[in-house]
Structure formats: structure tokens, C-alpha cells
A.B. asks: 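Let me begin by handing over the structure; questions about it come next.
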Number of protein chains: 4
Amino acid sequence: MPIQKVDKERIIKDSLKTFKAQGYHKTTMADIAKACGILKGSLYHYFKSKEELMEAVIDYLTQYYENKIFSVKNKHDINGYEKLVFLMKKSEEIFLTDNGGCLMASIGLETVNVIPHFTQKIQRFFKSWISCFEQIFSDKFPPEKATELAEYGVAEIEGSVLLMLIFQDEKYLKHAHQRILNRYINS
Amino acid sequence: MPIQKVDKERIIKDSLKTFKAQGYHKTTMADIAKACGILKGSLYHYFKSKEELMEAVIDYLTQYYENKIFSVKNKHDINGYEKLVFLMKKSEEIFLTDNGGCLMASIGLETVNVIPHFTQKIQRFFKSWISCFEQIFSDKFPPEKATELAEYGVAEIEGSVLLMLIFQDEKYLKHAHQRILNRYINS
Amino acid sequence: MPIQKVDKERIIKDSLKTFKAQGYHKTTMADIAKACGILKGSLYHYFKSKEELMEAVIDYLTQYYENKIFSVKNKHDINGYEKLVFLMKKSEEIFLTDNGGCLMASIGLETVNVIPHFTQKIQRFFKSWISCFEQIFSDKFPPEKATELAEYGVAEIEGSVLLMLIFQDEKYLKHAHQRILNRYINS
Amino acid sequence: MPIQKVDKERIIKDSLKTFKAQGYHKTTMADIAKACGILKGSLYHYFKSKEELMEAVIDYLTQYYENKIFSVKNKHDINGYEKLVFLMKKSEEIFLTDNGGCLMASIGLETVNVIPHFTQKIQRFFKSWISCFEQIFSDKFPPEKATELAEYGVAEIEGSVLLMLIFQDEKYLKHAHQRILNRYINS
DNA sequence: AATGAATGAGAATTCATTCAT
DNA sequence: AATGAATGAATTCTCATTCAT
């Protein structure tokens with residue numbers, strides 16, 4: 001009677017790091033198994049394919065963001081500025097750990113023409129993120145402007161993450177965050 | 001049947017499309033050979049490995065940008081605004097063709113932790129791009145501000161390209177371009 | 001269909017025959033897989049490359065000789081002549097089966113300038129063989145003479161194996177054995 | 001009108017070195033072309049296949065030995081001992097140059113079960129060599145004894161060449177030569 | 001004669017996946 | 001649940017050979 005060495009969530013978390021660092025196609029099931037401390041075959045008890053695992057990772061991460069981070073938009077005990085500061089703090093935590101980068105952007109770009117159902121799931125993540133910014137900005141801006149600023153902010157952050165990775169310099173992300181805060185303040 | 005069917009540049013151009021659409025790891029030498037209309041083995045006459053071919057593609061594209069696009073920064077017969085408009089027109093041409101997207105960003109993200117010498121080459125591309133914006137902005141802004149605006153603009157465009165691909169909507173890129181122009185005008 | 005169809009030792013033994021008959025470079029992993037009754041890919045569960053498999057074969061054979069054949073040198077219940085007779089009987093068994101020939105000599109010659117770490121392993125085999133003869137001869141000869149006779153004997157046998165293969169005639173090996181015995185007796 | 005850069009003999013001589021150092025299967029037509037200073041395709045003007053080239057090399061070398069070396073057996077102006085000394089000097093010249101080794105032995109072992117018509121040609125070489133020794137020994141020994149001593153000598157030399165290559169030590173060959181001379185003298 | 005591009009079969013190796021235990 | 005052997009298709013790369021120029 002074998003002992004449960006891992007569970008689905010454990011596998012998701014461990015493979016998340018690997019997918020984030022290496023991308024989808026470069027990561028092998030053997031890489032993931034090793035990262036989880038189990039054997040390749042055992043992965044198939046939890047996920048019936050690599051695609052399904054990747055989808056579970058995307059879903060898990062989306063829910064994590066929605067529940068733990070983007071949910072800040074509905075808080076009543078802090079103001080808009082504080083919400084933005086919270087978002088940036090969390091972004092920096094996540095985009096700077098495990099070699100840095102944003103899994104959604106990396107996997108999104110890598111698979112957009114190749115595995116369309118990943119793209120659908122990734123859309124949900126970006127919609128949630130944009131909608132979070134939108135709601136915060138709608139304090140101070142009319143709806144259309146809030147929407148545009150939200151898309152603008154997400155784009156700016158993702159572009160900065162790219163430059164950060166390419167040049168190995170965190171300043172890009174920090175500057176982007178600062179600009180977003182400034183746009184909010186100076187309105 | 002011998003006879004020159006292709007040459008190095010032809011292969012680079014054809015594989016560029018494939019790498020841009022599918023990424024590095026998903027693209028096989030067979031895909032490229034098919035795109036070039038030759039056989040797999042023949043590719044190895046021109047490039048001794050898939051990595052070498054990818055590097056040639058990156059170099060080719062960087063030189064293309066430097067010579068045909070970023071070189072606008074030194075033109076004397078047009079003003080800063082016109083230079084920016086030229087850049088955006090070219091960006092839109094390139095980032096919207098062949099399934100859309102920016103090869104440098106896609107390959108950069110996919111390989112940053114995995115094939116470091118690609119990253120070095122990709123850095124050169126982004127340096128050239130930033131330096132092009134920098135010089136244009138330095139008409140109207142002090143050096144430090146010009147630099148920051150340049151990095152800002154590149155990040156914003158790349159982030160927009162990401163959203164554009166994920167949501168299949170060109171508006172993101174166009175808005176980013178508009179914002180960059182506005183920042184230049186309203187200064 | 002899983003179930004253990006082979007194990008490392010089985011693969012080593014089956015590939016030994018193939019390497020002995022065809023040499024290292026001519027033998028393909030597909031040849032070996034077929035000889036083992038498994039698929040090519042399955043070989044890589046046991047050995048991570050063709051080189052590693054070849055090395056395992058060399059090591060296995062060296063140990064087999066050391067444990068089962070050259071170890072005769074330390075027996076106390078038989079005399080030197082009987083030891084020599086035992087060695088020759090074993091030699092004939094091995095050098096005359098599976099198309100005949102000596103794997104160590106064949107692989108040694110084929111790879112000496114090309115895969116140096118094979119040569120190191122093959123040296124060990126020949127050292128053990130020479131040292132076996134040496135100890136037997138040291139009964140009747142002073143140390144230096146015993147050493148020279150040992151090297152002489154091994155060379156003579158290997159040269160005879162070559163002629164035997166080229167001319168498809170076992171007499172060469174048998175004559176060499178006879179001469180070695182005579183040198184021991186007539187001393 | 002292209003200039004004759006090479007001729008058949010030049011190609012044979014240059015590929016001889018390569019085949020001797022690397023063996024038949026490991027040596028590619030590209031290796032040979034490079035060694036000859038021509039392009040791969042050009043080799044096929046002179047030899048219609050790799051096998052045919054190898055055969056030409058074997059034939060060339062056999063004739064060289066027969067004409068320049070083994071022919072010593074018929075000289076009237078030197079005695080048997082001097083003939084042996086001449087043979088050994090030539091052997092040492094050849095077996096010690098270009099990484100050392102005997103092409104006939106190396107190619108013979110590598111291809112004996114795989115390309116039978118090489119073996120036939122190689123037999124001729126060894127027959128000539130044995131017959132050379134035979135005739136020299138027949139000065140002092142009865143025919144049967146001379147034959148056996150001749151085979152014995154060739155085997156001993158080839159085995160020594162093997163040990164010489166494996167241990168990178170010329171002493172093995174030199175000792176073998178000495179023993180052969182001694183057998184002649186002390187008769 | 002010489003070139004060198006092109007071929008296509010085949011090499012080693014990888015990898016997602018299956019399945020009996 | 002976990003294993004790990006086995007699969008077989010796919011992947012990168014090699015190489016002897018052909019042939020138009």
C-alpha cells in the first residue's frame with residue numbers, strides 16, 4: 001500500500017516553476033516528475049496528458065491571482081492607491097521569483113498559434129487582471145478611460161517583464177509600476 | 001536535382017515565419033525544410049544546427065531593423081514626429097503579418113533560461129530599438145528622460161503585442177502607438 | 001506491454017555478440033535492439049548512449065575474464081601446465097564462437113584513435129591477461145623473463161586470432177597455443 | 001578548364017592515412033575529401049563508391065609492400081639475416097607512422113564479417129607477407145618448419161602492433177622483431 | 001575535372017504515453 | 001497509488017551518393 005507522496009496541487013505547484021522557467025515545449029514530463037520527486041509514469045495518475053497538466057497549472061494560477069490578488073479590488077478598508085501598491089508588491093513577488101517572468105505571458109506567446117485552448121484560458125487571466133485595474137481606476141476616471149488605463153497598465157507591466165528578463169534588470173518592472181502609480185496620483 | 005533551389009537568405013526568411021508563428025522548440029527542422037521547399041538534410045548544407053539557424057534568423061532580423069527601420073533616427077529631412085509615425089507604421093506592418101507577434105519577444109521569452117546565447121543576440125535588438133526611440137525623444141527631452149521614455153515605449157509596445165495576440169485584437173498595439181505619439185506631442 | 005522483457009545483463013550479452021561480429025561503428029542501436037528483442041527506444045532505459053553501452057560491454061567482459069578465467073592463476077590445486085591448458089581451452093571457446101574473434105582486439109583497434117576512453121578500459125583487460133600469464137610463467141622463469149613471455153604470449157594469440165579470422169582457419173590459434181605450451185614445457 | 005588538383009594515387013595515399021587512423025566505418029567521404037584538399041563530390045570522379053576507394057587503398061598498399069618490401073626475399077646480394085633486418089626496419093617505419101598501426105589488420109578485423117570482398121584482398125596481403133618470411137626462413141629450415149615460422153612471425157608482429165596501440169608503447173613491436181631475429185639466428 | 005547543392009535513407013536520441021505489477 | 005519497463009513516433013543530425021553547371 002503505497003503512501004501518497006504528492007497530490008494534484010503539489011504537482012501543479014512544482015510543475016508551475018518548471019513551465020515558467022523553461023516554457024511548455026522544452027519542459028518534459030520527466031523534468032516535471034523530477035521536480036515533484038516522483039516518477040514519470042506516476043504523473044499520469046493525476047493528469048492524463050501534458051496538455052491537461054498545463055491547463056491545470058494555468059487554471060490554478062488564474063484562481064490564485066483572482067482569489068489572492070485581484071480580489072483586492074473589492075476591499076473596502078483600503079483606498080485605490082493602497083490597492084495599486086498592493087498589486088505591485090504582489091506582482092514583484094511573483095514576477096521576480098523562480099528565474100523571474102510571467103508564466104501567462106511566456107506560455108501565451110509560445111502557444112498562441114499552436115494550442116488554442118491554452119489561449120482561451122490565458123485570456124481569462126488577463127481579463128481578470130485588466131478588470132482589477134479597471135475597477136481601481138474607476139474611482140478617479142470615467143469608465144472608458146478606466147478601461148484604457150487598465151489595458152495600458154497590464155501591457156506596460158508585461159512589456160517591462162520582457163525587458164527585465166532579456167536584460168536581467170529589475171528596474172524595468174519597478175519603473176513601470178512607478179509610472180502606473182503616478183498616472184493614478186496625478187489625475 | 002541539384003541547381004540552387006534556395007540560398008541562405010531564402011532559408012532565413014522562410015524559417016523566420018515558422019519560428020515566429022510556432023516558437024523555437026515547437027518548430028522542427030522538417031517544418032522549416034517544408035517551408036523552404038527543400039529536404040531536411042539539405043538545411044544542413046547551410047546551417048549546421050537548428051541553433052545556428054535560429055541565431056542567423058535573429059541576426060538577420062536585427063540587421064534588417066537596424067538598416068531599414070531604426071536608421072530613421074538619423075534622417076535629417078523629417079522631424080521627430082514623422083520619425084515616430086514611420087516607426088509605428090513599420091511596427092504595425094511587421095507585428096501584424098504572419099499571424100502577428102514579435103519574433104524577438106517570443107523567442108526571447110521562450111529561451112531566456114534555456115539558451116543563453118540567444119538572449120545576448122536579442123539584447124542587441126532591443127538596445128537598438130531603445131536607442132532609436134531615445135534619439136528621437138532627445139529632441140524634446142533631456143537625456144535621462146529620453147532614455148526612460150524610450151524604454152517605456154518599447155515595453156509598452158511589446159506588452160501590447162502580447163495582449164493583441166492573446167485577445168486577437170489589433171487595438172492594443174494601435175492604442176500603444178497613439179499613447180507614445182501623444183507623449184511626444186504633449187511635451 | 002510492460003513486464004520485464006530484458007535486464008541490463010541480458011542487453012550486455014546480446015549486444016556483445018553484435019559488437020563482436022560487426023564492430024562498434026557499424027553496429028546500430030537498432031541492430032542491438034533487434035538482437036535483444038526490444039525496441040530501440042527501450043535500450044535507452046538501460047544505457048543512456050551507445051558509448052555507455054559499449055563501455056558496459058567492455059567492463060562486463062573484463063570482469064567475466066578476470067573472475068572466470070584469469071583467476072585460474074591463483075588456483076592451488078592445479079599446476080602451471082594445467083593452468084595454461086585451462087586458459088587455452090577457454091580462449092578457444094571464446095575466440096571461436098559467434099563468428100570468432102576477440103572483441104577487445106577488434107573494438108580496441110577500431111577506436112584507439114577515436115574514442116580514447118574505450119582504450120583505457122581495454123588496457124585493463126590486456127593488463128589482466130598479461131598478468132595472468134606472468135604469474136603462471138613465474139613458476140619456472142625469473143620475473144623479467146616471465147613478464148616478457150606473458151606479453152609475447154598475448155601478442156602471439158591476438159595475432160593468430162587475426163590470421164584465423166582473415167583466413168577462416170582455426171589452425172592459427174591452435175598453433176599459437178601449442179607454441180606457448182611448448183615454451184613452458186621446454187624450459 | 002579546371003586544373004588537375006589531384007590524381008587517383010594522391011587520393012589513395014591521403015585516404016590511406018585517414019582509413020588507417022579512423023577505420024572504415026568511422027571515416028566519411030567528407031573526411032577523405034578534406035584530407036585530399038578537394039570537395040566530396042570530386043572524389044566520385046575517381047572512385048565510384050567508398051567501398052571501391054577502400055579496395056583501391058588495400059590494393060595499392062598490397063602492391064607497395066610486394067614491390068618495395070616483400071620483394072627483398074628474392075635479392076641475391078644480401079643474406080637471410082639482412083633480409084629480416086630490412087623487413088623489420090620497413091615494418092617499423094610503416095607501423096609507427098600516422099598514429100601507428102597496420103591498416104590491413106585494422107580494416108580486416110573491422111570488416112571481416114561485414115564486407116567479405118575486403119577480406120579476400122586482405123588475404124592476399126597476408127599471403128604475400130607470410131610467403132616472404134617463408135622464403136627467407138627456408139634457407140635454414142625445412143619447408144614445413146619455414147611455413148610455420150612465417151605464420152608465427154606475422155601473427156607475432158600483428159599481435160604486437162595491437163598491444164603497441166593499446167598501450168602506446170613501441171616496445172612490443174621491437175621485442176617481437178627481436179624474437180623473430182633470434183629464432184633465425186639460433187637455429 | 002571540379003564544384004557544391006540537393007538528396008533521401010538512416011543514424012542516435014528523446015519523449016509523451018501506456019500498462020502490468 | 002506508485003512504479004518503471006516498454007513503446008513507437010518524432011526529432012536532430014549524418015552521410016554516401018547524384019548531377020547540373
Side-chain angles (χ1 to χ4, degrees), chain A residues 1-7 25-33 36-53, chain B residues 1-8 11 25-33 36-53, chain C residues 1-8 11 25-33 36-53, chain D residues 1-7 25-33 36-53:
Chain A
M1 47 232 74
I3 310 150
Q4 175 106 5
K5 292 179 64 178
V6 296
D7 62 6
H25 290 102
K26 170 71 183 168
T27 298
T28 69
M29 291 301 262
D31 291 337
I32 293 166
C36 299
I38 57 174
L39 289 185
K40 232 180 1 167
S42 308
L43 283 175
Y44 288 84
H45 274 276
Y46 298 95
F47 300 96
K48 69 167 183 284
S49 69
K50 188 181 169 187
E51 275 200 30
E52 198 179 288
L53 172 54
Chain B
M1 302 115 236
I3 287 176
Q4 181 106 354
K5 291 179 70 174
V6 296
D7 62 5
K8 267 191 148 191
I11 292 173
H25 290 102
K26 171 70 182 168
T27 297
T28 69
M29 292 301 261
D31 291 338
I32 293 166
C36 298
I38 56 174
L39 290 186
K40 240 182 342 175
S42 307
L43 282 176
Y44 289 86
H45 265 276
Y46 297 95
F47 301 96
K48 67 169 181 284
S49 68
K50 187 181 167 186
E51 274 200 30
E52 198 178 287
L53 173 54
Chain C
M1 303 110 235
I3 288 176
Q4 182 103 357
K5 292 177 69 173
V6 296
D7 61 5
K8 268 191 146 192
I11 291 173
H25 290 102
K26 171 70 182 168
T27 298
T28 70
M29 291 301 260
D31 290 338
I32 293 166
C36 298
I38 56 175
L39 289 186
K40 235 182 346 171
S42 307
L43 281 175
Y44 289 85
H45 265 277
Y46 297 94
F47 300 96
K48 68 168 180 287
S49 68
K50 187 181 167 186
E51 274 200 32
E52 197 178 289
L53 172 54
Chain D
M1 49 230 74
I3 311 149
Q4 175 106 2
K5 292 179 65 179
V6 296
D7 62 6
H25 290 101
K26 171 71 183 169
T27 297
T28 69
M29 291 300 262
D31 291 337
I32 292 165
C36 298
I38 56 173
L39 289 185
K40 232 179 2 165
S42 308
L43 282 175
Y44 288 84
H45 274 276
Y46 298 95
F47 301 96
K48 68 167 184 284
S49 69
K50 187 181 169 187
E51 275 199 30
E52 197 178 288
L53 172 55

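The chains referred to below are lettered A, B, ... by the order of the sequence lines, with proteins before strands, and numbering in each begins at 1. Hydrogens, waters and symmetry mates are skipped; everything else that's a heavy atom, side chains included, is used.
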A.B. asks: What's the separation between atom NZ in D:Lys40 and atom OH in D:Tyr44, rounded to the nearest 0.5 Å?
C.D. replies: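 Separation between the atoms: 7.5 Å.
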
A.B. asks: If you measure from OH on C:Tyr46 to CD on C:Glu52, what distance do you get to the nearest 0.5 Å?
C.D. replies: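 Answer for the OH-CD pair, C:Tyr46 versus C:Glu52, is 14.0 Å.
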
A.B. asks: Does a side-chain heavy-atom distance below 4.5 Å link C:Ile11 with C:Lys8?
C.D. replies: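 Not touching, per the 4.5 Å side-chain cut-off.
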
A.B. asks: Take atom CZ of D:Phe47 and atom P of F:dT18, then tell me their distance rounded to the nearest Å.
C.D. replies: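 After rounding, the reported distance stands at 16 Å.
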
A.B. asks: What are the two closest heavy atoms between B:Ala33 and B:Leu43, and how far apart are they?
C.D. replies: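 Where B:Ala33 meets B:Leu43 most closely, the heavy atoms are N-CD1, 3.9 Å.
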
A.B. asks: Across nucleotides 12-17 of chain F, 5' to 3', mark each nucleotide with B, S or - according to how protein heavy atoms within less than 4.0 Å reach it.
C.D. replies: BBBSBB

A.B. asks: Taking atom NZ of C:Lys50 as the centre, does the number of heavy atoms from other residues, nucleotides or ligands within less than 6.0 Å exceed 12?
C.D. replies: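 Atom NZ in C:Lys50 is crowded, with more than 12 foreign heavy atoms closer than 6.0 Å.
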
A.B. asks: Separation of D:Leu39 atom CG from F:dC19 atom C1', in whole Å?
C.D. replies: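 Interatomic distance, CG of D:Leu39 to C1' of F:dC19: 15 Å.
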
A.B. asks: Go ahead and write out DNA chain F as dot-bracket, 5' to 3': ( ) for pairs within the strand, [ ] for ones crossing earlier pairs, | when the partner sits on another strand, dots for unpaired; Watson-Crick or G-U wobble, both distances under 3.5 Å.
C.D. replies: .||||||||||||||||||||

A.B. asks: What's the CG-C1' distance between C:Leu43 and F:dA6, to the nearest Å?
C.D. replies: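 For the pair C:Leu43 CG and F:dA6 C1', the rounded distance is 11 Å.
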
A.B. asks: Under the criterion side-chain contact (heavy atoms from CB on, under 4.5 Å), which of C:Thr27, C:Asp31, C:Ile32 is the partner of C:Met29?
C.D. replies: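 In the set C:Thr27, C:Asp31, C:Ile32, the residue that makes a side-chain contact (heavy atoms from CB on, under 4.5 Å) with C:Met29 is C:Ile32.
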
A.B. asks: How close or far is atom C1' of F:dA6 from atom CG of C:Asp7, stated in whole angstroms?
C.D. replies: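 Taking CG of C:Asp7 and C1' of F:dA6, I get 14 Å after rounding.
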
